[in-house]
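I have placed the structure first, in the form of structure tokens, so that the comments after it can refer back to it.
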Amino acid sequence: MSDSNSLDGLVEALRRLPGVGVKSASRMAYHLLQHDRDGAKLLSRALEQATSTVRHCERCNTFTEAPVCGLCLDARRDATKLCVVETPADQAALERTGAFRGYYFVLMGKLSPLDGIGPRELGVSRLFERALDGQVSEVILATNFTAEGEATAHVIGEALRQRGLTVTRLARGVPAGSELEYVDLGTIAHALVDRR
């Protein structure tokens, strides 16, 4: 701790970023104040602007400044396909591949009973409304391959199947360019089961 409440407040604010501990936050704070005060002001203005203007899309729940995001307004996309992701960052990663031309629904998280996050907190009812709008024929579950992501995909997938929709899951397996001896055993096992 320093003898400056403002500096301590800046360090604590920077610690809210994922993967940033006390040392990294302190290093960033000192750098901004010592070497880049203009950058600090720019960062401050950008954060203030984003937090006051960015909201959730009314259709897919991603981040946007408009009531409905540009992807949801794009009539050239395939309305029969709906891809469910955990975060806007996951949506952006899928979109950068150029391989998916359908629409998305962003959960803004994953099921985590220990943290008090259940289907209601994720807005699963909004997902069901979207998936059951009469246009969607396939829901692609693209949640992460963590324990929580798998549980989220399972719960949502079963509920959508019971409602008559085709539900698929992203494939998983050995990454291209890797050598089997260095791949973890779980990944190899899934690749064998999901082989084609």
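Listed by first then second residue, pairs satisfying salt bridge (charged side-chain N to carboxylate O under 4.0 Å, His left out) with a partner in residues 152-164 read E158-R161, not counting sequence neighbours. For residues 64-76, every residue pair satisfying the salt bridge (charged side-chain N to carboxylate O under 4.0 Å, His left out) rule, not counting sequence neighbours, is listed here: D74-R76, D74-R101. Within the structure, ring-ring contact (aromatic ring centres under 6.0 Å, His included) pairs that include any residue of residues 35-72 comprise H31-H35, H56-F63 (at least two apart or interchain).
With sequence neighbours excluded, the residues that form a salt bridge (Lys or Arg N to Asp or Glu O under 4.0 Å) with R15 are E12. Qualifying side chain to side chain donor-acceptor pair (under 3.5 Å) partners for S178, counting only residues two or more places apart in sequence or in other chains: none.
Counting non-hydrogen atoms of neighbouring residues, nucleotides and ligands closer than 6.0 angstrom, the CG atom of L185 reaches no more than 12 such neighbours.
L107 is not listed as a side-chain neighbour of N61, based on a closest heavy-atom distance of 4.5 Å or more. Side-chain atoms of I140 and F100, non-hydrogen and from C-beta on, do get closer than 4.5 Å to each other.
Rounding to the nearest 0.5 angstrom, the gap separating the CG atom in L14 from the CZ atom in R16 is 11.0 Å. The CD atom of Q91 lies 11.0 Å from the CZ atom of F105; values are rounded to the nearest 0.5 Å.
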Worksheet item: Between M108 and L122, does a side-chain contact (heavy atoms from CB on, under 4.5 Å) hold up when you go through it step by step?
Response: CA-CA 7 Å; M108 290 296 178; L122 285 183; 5.8 Å; no
Atom pairs and distances, side-chain donor-acceptor, residues 129-138, under 3.5 Å, sequence neighbours left out:
unit_1	atom_1	unit_2	atom_2	d
R130	NH1	R59	O	3.2
R130	NH1	Y104	O	3.2
D133	OD1	Q135	N	2.8
D133	OD1	V136	N	3.4
S137	OG	T80	O	3.4
E138	OE2	T168	OG1	2.8

